[in-house]
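First the structure, in the form of structure tokens, and then the observations on it.
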Amino acid sequence: MTLRITCPHCGTREIDEWVHGEIPVVPDDITDADDRDVDRAYFHNNVEGVVREAWFHLYGCRRWVTLERDTRTDAFQ
Amino acid sequence: MNEFWEAKVKLQWAELGSSYDVVIIGGGGHGLATAYNLAVNHGITNVAVIEKDYIGGGNSGRNTTVIRSNYGKPEPVRFYQRSLDLYRELEAETERWVMHDERGLWWLAHTEAGRRQERSRAAINQAFGADTTFVEPEEIGRLIPGINLDADGEFPITGASFHAGGATARHDRVNWAFAEGAMRAGVTIVQGVKVTGLTLDGDRVVGVQTDKGDVAAGTVVGAVGGHATTIASMANVRLPIRTHPLQAFVTNHYEQTWDAIVASNDLGFYVSQTARGEMLGGSHIDPQPSYSRRSDHHFINEIARRIVALFPFMGNLRVLRQWTGICDMSPDYTPIMGYTSAPGFLITTGWGTWGFKAIPAGGEAMAQLIANDETPELIAPFSIERFANDRTLADRGSSGTH
């Protein structure tokens, strides 16, 4: 089945209408300002489990939606 | 076929011991080739490869088997060309038939910008040792059977770079050839053993914890595909990786006349014909980071539309199988190899959608690094330090999957 995302404004739509957006979370134990910039630019938590992320409904209401998804199954929570 | 085609692969399995000089996590192509090179070329045989599923069952058995070195930056061109050269020798080296078939690869352009990019690719390839030339559309129409040059007006072909060294090999046979050679030289390879943690002494990694017991190790190599972030996090190493699914398919058997390997960046697909006559195709990665290996109809629907525009004869074929692998995508589409911030823990990752072609050179270089405790010049640019040092090697246009 095609990945479908439920938009609170438009209803359930196929993933083609959406743009994925990562919400970067720099770990607290990185304290140096330059190191935090490098981490934010390049590094990822790449969570294997439930992740909180932003989706932009480009071909719908053109709003950002924050959703939780299990990256092991692609099931939205 | 060649003189090795009758040789049968004999895998000698062993029980997992409690201590090794080198423990490699991940029994895919890169892990197995690293073990092979350590044992055969450096005499380091007290080595274990730990695979959680079966060897070559991850991306090493899910890729679309293309070997090429037509990259867009000097460092990757040199590295992949070394791998391409090693693939040419692999059957003689391992005395096993890996169905290596050098037939040339076409990288199509559909716009004026794409045409300029392929001219530039040909020039940079020639400068750094890869055999690539720019080709005009007329010649493409003459040499690729069944191609529709104007692609129904939607994606007209404006040129291509032809990479004469482009080849394919049977991925399972490559994995088995390295596994068998490593086993014969004394390497322990275990299947169905899952790594659950790494043993740390301060920052240093000194062993591996598995569901079949703990193993002490002088050096641990993270060579997994898909779960690289999870393994590295056990050593408190953070990676610039996002894991994305990549889907592929084969059609039913077709008259075995299609000798080309064709890739199109603009259309986002690549296609070749397997030794069995199936048309084998893949596309770009799925947009969401995910560890799910689920295949979907949406992928087939999308890629079929694009492929049939370019190759109308494929409209008469049926999809026989489709499958999915999960790919460790690095930010610059270039691998990440070598030391990490954790002493005793090395990585070979960031193989994204381009790992199969790199197996021989990747294994050779990682083994040299371990044996000599010094990063080989060939892979020095692929260090994880390059991100903090602003020395990234952005080469998305050569990944073939975007």
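What you see is a predicted model; the values in this text were computed from it and never measured.
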Residues B:R294, A:L3; criterion side-chain contact (heavy atoms from CB on, under 4.5 Å); working and verdict
CA-CA 10 Å; B:R294 191 181 58 174; A:L3 194 60; 4.0 Å; yes

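In this pair, A:F43 and B:F387 present their aromatic rings perpendicular. The plane angle is above 60°, beyond the 30 to 60° band.
If you tally non-hydrogen atom pairs under 4.5 Å between each of B:P287, B:P245, B:A228 and chain A, the highest count goes to B:P287. For the set A:D35, A:V19, A:N45, the count of heavy-atom pairs under 4.5 angstrom toward chain B peaks at A:N45.
Of all the heavy atoms in A:T71 and B:P289, the pair that sits closest is CG2-O, 4.0 Å. A pairwise comparison of heavy atoms in B:R242 and A:E22 identifies NH1-OE1, 2.7 Å as the closest pair.
When heavy atoms are compared at a cutoff of 4.5 Å, B:T392 approaches chain A solely by way of its side chain, counted from C-beta outward. Neither the backbone nor the side chain of A:D34 comes within less than 4.5 Å of any heavy atom in chain B. Contact annotation for B:L239: only backbone heavy atoms (N, CA, C, O) come within less than 4.5 Å of a heavy atom of chain A.
Of residues 6-14 of chain A, those residues lying under 4.5 Å from chain B by any heavy-atom pair are A:E14. Residues of residues 63-70 of chain A having a heavy atom under 4.5 Å from any heavy atom of chain B, listed by number: A:R69. Residues from residues 47-60 of chain A that place a non-hydrogen atom less than 4.5 Å from a non-hydrogen atom of chain B comprise A:V47, A:E48, A:W55, given in numerical order.
Applying the salt bridge (Lys or Arg N to Asp or Glu O under 4.0 Å) test to B:R293 and every residue at least two apart in sequence or in another chain returns nothing.
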